[in-house]
Amino acid sequence: MEQGLLQLWASTGLYNFTLGQIAMIVVGGGLIYLAIARGFEPLLLIPIGFGGILANIPVADIAGPEGLLGILYSAGIESGLFPLLIFMGVGAMTDFGPLLARPSLMILGAAAQFGIFFTLFGAIVMNLVPGIEFSLADAAAIAIIGGADGPTAIYVGSRLAPDLLGAIAVAAYSYMALVPIIQPPIMKLLTTAKERETKMTQLRRVGKLEKILFPLLLLLVTLLLLPSATPLVGMLCFGNLLKECGVVERLSNTAANELINIVTIFLGLSIGSKLAADKFLSAETLGILLLGMVAFSIGTAAGVIMGKIMYRVTGGAVNPLIGSAGVSAVPMAARVSNKIGLQANPQNFLLMHAMGPNVAGVIGSAVAAGVLLAIVG
Amino acid sequence: MEQGLLQLWASTGLYNFTLGQIAMIVVGGGLIYLAIARGFEPLLLIPIGFGGILANIPVADIAGPEGLLGILYSAGIESGLFPLLIFMGVGAMTDFGPLLARPSLMILGAAAQFGIFFTLFGAIVMNLVPGIEFSLADAAAIAIIGGADGPTAIYVGSRLAPDLLGAIAVAAYSYMALVPIIQPPIMKLLTTAKERETKMTQLRRVGKLEKILFPLLLLLVTLLLLPSATPLVGMLCFGNLLKECGVVERLSNTAANELINIVTIFLGLSIGSKLAADKFLSAETLGILLLGMVAFSIGTAAGVIMGKIMYRVTGGAVNPLIGSAGVSAVPMAARVSNKIGLQANPQNFLLMHAMGPNVAGVIGSAVAAGVLLAIVG
Amino acid sequence: MEQGLLQLWASTGLYNFTLGQIAMIVVGGGLIYLAIARGFEPLLLIPIGFGGILANIPVADIAGPEGLLGILYSAGIESGLFPLLIFMGVGAMTDFGPLLARPSLMILGAAAQFGIFFTLFGAIVMNLVPGIEFSLADAAAIAIIGGADGPTAIYVGSRLAPDLLGAIAVAAYSYMALVPIIQPPIMKLLTTAKERETKMTQLRRVGKLEKILFPLLLLLVTLLLLPSATPLVGMLCFGNLLKECGVVERLSNTAANELINIVTIFLGLSIGSKLAADKFLSAETLGILLLGMVAFSIGTAAGVIMGKIMYRVTGGAVNPLIGSAGVSAVPMAARVSNKIGLQANPQNFLLMHAMGPNVAGVIGSAVAAGVLLAIVG
Amino acid sequence: MNIEELLVQSLQLLGLGMGAVFIILVLLIGMVTLVSKLVPEEIVLTVTTPRQGVDPGHVAAITAALHQYRKNR
Amino acid sequence: MNIEELLVQSLQLLGLGMGAVFIILVLLIGMVTLVSKLVPEEIVLTVTTPRQGVDPGHVAAITAALHQYRKNR
Amino acid sequence: MNIEELLVQSLQLLGLGMGAVFIILVLLIGMVTLVSKLVPEEIVLTVTTPRQGVDPGHVAAITAALHQYRKNR
Ligand code: NA
Ligand code: NA
Ligand code: NA
């Protein structure tokens with residue numbers, strides 16, 4: 001009997017807990033709190049936070065190779081399957097109409113990617129801080145946070161720096177949720193009241209055929225110049241083609257709903273399995289959180305500055321505020337542009353104008369990811 | 001030509017059948033009949049029965065490592081993935097409100113688990129019968145039938161006694177379907193008419209925040225005291241959190257519908273692959289069916305007796321009939337309590353009061369499963 | 001810097017493309033065009049075409065063992081999982097009522113399978129053409145195109161001739177889409193105006209119990225005589241049983257919708273991964289396309305001729321036009337019979353009469369597949 | 001395996017295959033017919049469910065057929 | 001392991017198991033009761049504007065945008 | 001690899017990366033513009049679809065706006 005009791009006691013959490021595990025369980029709970037009470041990307045942060053808790057339960061080893069989270073991780077993240085399927089779903093949910101209505105605004109989605117590459121440089125510089133050691137691969141994986149696009153960050157992170165994936169994903173989604181707090185001051189700092197008041201002319205109508213051809217054109221350009229970006233861009237285009245072609249509704253609906261929901265649950269839990277104490281509770285994580293903030297800020301600034309350039313070039317036809325939407329974080333960033341625009345001028349509706357750079361930002365960061373994978377990977 | 005004919009003839013079922021396979025195909029057909037004509041848990045017993053037929057077709061080897069059922073089995077049952085995903089779905093479908101309205105009734109869900117551990121003892125005793133040999137692991141896997149909870153039984157069975165899994169799953173679901181026949185006589189035998197007439201006061205209203213916190217509290221208690229139960233309890237809590245938090249409806253809907261449906265199909269077929277003649281047509285199976293009946297009966301009795309104790313302690317505020325719902329078998333057992341209650345007193349609606357112990361029974365048997373896995377596994 | 005530039009340039013598609021890859025990307029685009037603009041089986045040909053494009057992107061190696069398509073292929077096609085799950089969904093969508101209303105018409109679904117076996121002979125004969133070399137396995141895999149049933153063709157192809165799978169799947173779905181063009185001339189050639197005008201008496205009502213028993217009878221006959229056909233036939237029967245039993249609607253709905261949609265996306269993309277230049281751009285592919293056409297034509301003719309025989313035997317109670325529906329290609333072929341019938345006699349509605357042979361054709365080709373797998377496999 | 005052997009084999013397959021298909025479907029016809037005799041008939045009208053949802057033309061055809069069927073009684 | 005040992009072990013399991021089940025559920029009762037005391041009983045609403053769905057503000061913005069669009073022509 | 005090399009490399013990446021992003025998106029702008037010229041314009045009004053689809057209220061708002069818009073012309 002005693003023996004049995006001891007065996008049972010020796011198998012309790014109380015007996016086996018490490019401080020690190022307790023801390024990580026608190027972190028997981030914190031993410032869940034932010035998701036539910038503060039609306040921080042709940043679709044991702046609830047599964048991630050919960051997965052983080054499960055991963056840090058002693059004895060159970062749920063994140064181990066035999067455990068549920070471990071199995072999901074190797075099946076879906078190591079293989080790259082989950083982020084690519086999410087990207088397909090995103091494609092099936094995204095309307096590129098606003099982008100097609102005024103293609104020139106895509107340039108804003110390009111400019112905002114400066115946040116990524118500047119952060120890569122910053123991450124390397126951070127090696128000067130004692131206790132922090134980022135390889136070029138680590139730096140690239142961290143920098144992609146600036147893409148402000150979850151699946152892209154997870155895809156790149158899982159390829160270049162699996163150990164940092166937990167922190168990278170948490171940073172990416174947290175800062176996406178914080179876009180309404182991070183961006184406005186930067187946007188206001190860099191623009192004049194006159195610029196912010198700028199009204200933009202209504203978008204032209206976009207034909208169905210243009211919408212069907214766009215994903216194919218996008219894939220064509222990508223495969224010609226940057227094949228390493230084609231897994232991401234390709235699945236985005238595939239999902240979008242399913243949506244726009246209009247003849248396979250049952251497939252596009254499934255890709256945009258049941259399938260992406262299922263994959264989101266699995267992806268979130270798997271990411272959580274990377275919230276292991278020894279990896280997460282480190283100077284690196286603080287560095288990553290700091291760099292992520294830098295990435296978002298610089299990306300926002302770069303977008304707005306390019307917006308100001310277009311404002312000049314077009315003789316005031318473009319409101320610089322939509323530049324910040326170029327970081328993607330769809331559709332949050334576009335809503336922020338709209339909000340700040342309305343503050344400057346109650347008749348100034350920028351939402352649909354900002355959606356163009358917004359979705360262009362998704363493409364831009366997928367392209368940036370391709371460059372990183374091609375050169376660093 | 002002859003050669004070809006012979007080759008074809010030598011590949012027919014008629015040529016290759018064994019008596020055991022024929023018998024098992026009849027068994028599979030019988031399960032399908034019970035499911036369709038008698039309403040025996042059709043969601044599970046139709047796939048299980050059909051899988052059993054497919055598994056016993058000669059030559060085709062559908063349950064082999066290369067066959068469809070074999071692949072599904074190793075991917076989803078050996079890994080534990082399927083039962084855990086089902087449990088997540090159950091969590092996303094379960095309302096713990098009634099339990100939270102009067103937490104003390106959870107004690108009934110604890111008492112009913114006596115059926116499990118008594119049956120474990122009984123299974124060991126059965127070793128005295130010549131021709132039957134149950135190891136402690138076998139006994140534990142059989143005993144969990146008393147948990148009256150499908151995914152829990154399958155999860156434990158697949159870990160402790162894969163060879164007996166077919167019989168265990170069949171027994172578990174069959175007896176759950178037979179709850180309306182097994183329980184009433186025991187309930188009436190153990191209670192007085194006066195007790196059965198007991199009316200219970202209206203349940204208090206439960207706040208949204210309490211419902212959100214409950215799955216987290218449940219996980220907390222479990223990971224502190226019994227980590228080995230956290231895969232099961234954790235996924236139940238995760239599903240329930242998705243449901244109650246109210247901000248990820250698309251995930252909870254998918255978990256409670258498409259995902260659980262897909263997994264149920266695969267799980268049922270995979271279990272069927274364990275209905276192999278040599279394993280199923282044995283004295284052990286008869287023993288398992290007998291022990292399963294014992295488990296349900298003892299569990300019911302234990303719940304009712306604890307109900308009587310609470311009746312005394314609370315001075316007649318608790319109707320002992322709701323005790324039998326503690327075996328889980330949600331929501332069948334709660335309906336039985338309600339039915340018997342109405343027989344005793346047409347004004348006596350026990351359903352909501354019985355739902356508390358009923359869902360507590362799910363938790364109780366998951367905890368019991370954790371103990372068995374920790375000590376026997 | 002130069003080094004980095006060179007590295008980037010050396011990783012572009014422009015630098016790495018082979019002529020074959022370019023050609024295959026054009027082929028993929030062509031399939032997508034046919035699917036969207038000409039309505040060629042878009043549910044399959046869009047994913048297949050897109051998968052074909054992705055598979056031929058240099059550097060990315062998306063169809064490789066580490067790539068998305070490669071992973072999907074080995075998980076779902078090599079294992080046989082995807083076509084079997086599609087077949088389950090087909091079963092859950094198929095109403096065998098018309099077949100049960102007049103079972104004798106099943107004979108038409110048998111006759112039409114002559115297209116398969118004649119084509120097998122034809123493929124062997126084609127070995128006389130220099131540059132073409134078909135083994136018996138290749139020939140069998142090609143011949144199954146005549147079954148006019150996608151999942152069956154893919155299942156057999158993946159087992160007997162994986163290298164030809166791309167061409168086989170493309171031919172199968174393309175010719176299914178061309179049924180309205182291929183069949184009419186043959187049907188008119190072989191029938192007299194008088195025969196085509198034949199009206200058929202209304203189908204009798206079919207009871208629910210008959211519908212429930214049918215999938216079980218079908219499985220019984222198959223497992224007794226041709227176990228090698230039971231994976232295909234079995235999953236068809238399982239899906240249909242879920243549909244007809246009426247007690248597991250949530251499972252049959254999922255099998256017939258979300259699950260088949262998800263699998264269709266994966267299956268199409270995986271098949272596309274077999275559109276590799278070196279395999280596809282060959283004399284064999286031309287041979288396969290030619291043989292596929294032969295298979296459909298001969299199958300149609302055989303069905304119609306058997307229809308004429310029944311016309312005689314039944315003294316004009318059967319319209320020979322429904323014979324062509326025996327090739328399956330559900331429901332296209334049945335609609336063709338209906339259309340030609342209406343041309344001959346505006347009051348002549350053959351659709352439901354043709355649905356019987358139509359679905360019988362699905363069974364017929366699954367049986368034929370079983371024979372090929374049993375003897376050649 | 002030389003071409004002659006292949007040709008012979010494929011011809012054998014033709015015979016065996018068509019034989020198997022006919023035997024199985026004929027047997028099925030027999031069993032289905034038998035069952036329909038044994039089973040009590042209910043009042044159920046059957047309408048085909050095609051694989052890809054129901055297109056308008058199809059619906060039209062069916063409704064027309066139903067119309068026809070009612071006329072015939 | 002002989003039958004006696006097995007019997008002993010299974011009896012131990014009976015004790016340990018029921019003990020664990022009761023301890024855990026009783027503890028849970030305690031915590032749940034405590035929480036229900038601490039938590040304000042009225043239904044608590046957690047408001048969020050995640051990617052999911054379209055928040056009223058967004059709809060407003062779009063309608064307004066369309067309104068604007070009409071005015072411009 | 002020492003820190004200097006890393007810094008050089010990361011600066012190179014900055015140049016190459018932004019270069020690639022701009023080249024590709026500019027090329028895309030060109031092709032899209034070209035296509036929009038070649039393609040016959042249809043009467044289709046574009047409305048942004050946020051990632052999580054459109055809720056009924058949203059649709060209502062838009063259709064109302066469109067209705068209004070047609071009336072105005
Ligand atoms: Na971006
Ligand atoms: Na239970
Ligand atoms: Na066929």
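Computed from a predicted model, the values in this text were never measured in an experiment.
- Taking chain B as the reference chain and counting heavy-atom pairs below 4.5 Å, the highest number among Ile262(A), Val59(A), Ile25(A) is found for Ile262(A).
- If you measure heavy-atom distances from Leu242(B) to chain A, the contacts under 4.5 Å come from the side chain alone.
- For chain A, the nearby part of Leu85(B) is the side chain; its heavy atoms alone come within less than 4.5 Å.
- Between Val247(B) and Ile46(A), some side-chain heavy-atom pair lies under the 4.5 Å cut-off.
- Going from atom CG of Leu223(B) over to atom CD1 of Ile53(A) covers 8.0 Å, rounded to the nearest 0.5 Å.
- Proximity to chain B is absent for every atom of Leu69(A), based on heavy atoms less than 4.5 angstrom apart.
- Residue Gly234(B) comes nearest to Phe50(A) through the heavy atom pair O-CE2, 3.3 Å, listed as atom of the first residue, atom of the second, then distance.
- Heavy-atom distances place both the backbone and the side chain of Leu14(A) under 4.5 Å from chain B.
- For the pair Leu224(B)/Phe17(A), a side-chain contact is recorded, criterion being any heavy-atom separation below 4.5 Å from C-beta on.
- Ranked by heavy-atom pairs shorter than 4.5 Å toward chain B, the options Ala75(A), Gly51(A), Pro47(A) are led by Pro47(A).
- Across all non-hydrogen atoms, the minimal contact from Ile265(A) to Ala255(B) is CD1-CB, 4.2 Å.
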Once you leave out hydrogens and angles, what donor-acceptor pairs under 3.5 Å do chain A and chain B share?
{"from": "Gln7(A)", "atom 1": "NE2", "to": "Ile375(B)", "atom 2": "O", "distance (Å)": "3.3"}
{"from": "Gly13(A)", "atom 1": "N", "to": "Leu224(B)", "atom 2": "O", "distance (Å)": "2.8"}
{"from": "Leu14(A)", "atom 1": "N", "to": "Leu224(B)", "atom 2": "O", "distance (Å)": "2.9"}
{"from": "Ala256(A)", "atom 1": "O", "to": "Arg250(B)", "atom 2": "NH2", "distance (Å)": "2.9"}
{"from": "Asn261(A)", "atom 1": "OD1", "to": "Arg250(B)", "atom 2": "NE", "distance (Å)": "2.5"}
{"from": "Asn261(A)", "atom 1": "OD1", "to": "Arg250(B)", "atom 2": "NH2", "distance (Å)": "2.8"}
{"from": "Asn261(A)", "atom 1": "ND2", "to": "Arg250(B)", "atom 2": "O", "distance (Å)": "3.3"}
{"from": "Asn261(A)", "atom 1": "ND2", "to": "Thr254(B)", "atom 2": "OG1", "distance (Å)": "2.9"}

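- In this structure, CG in Leu219(B) is found 5.0 Å from CD1 in Ile57(A), a value given to the nearest 0.5 Å.
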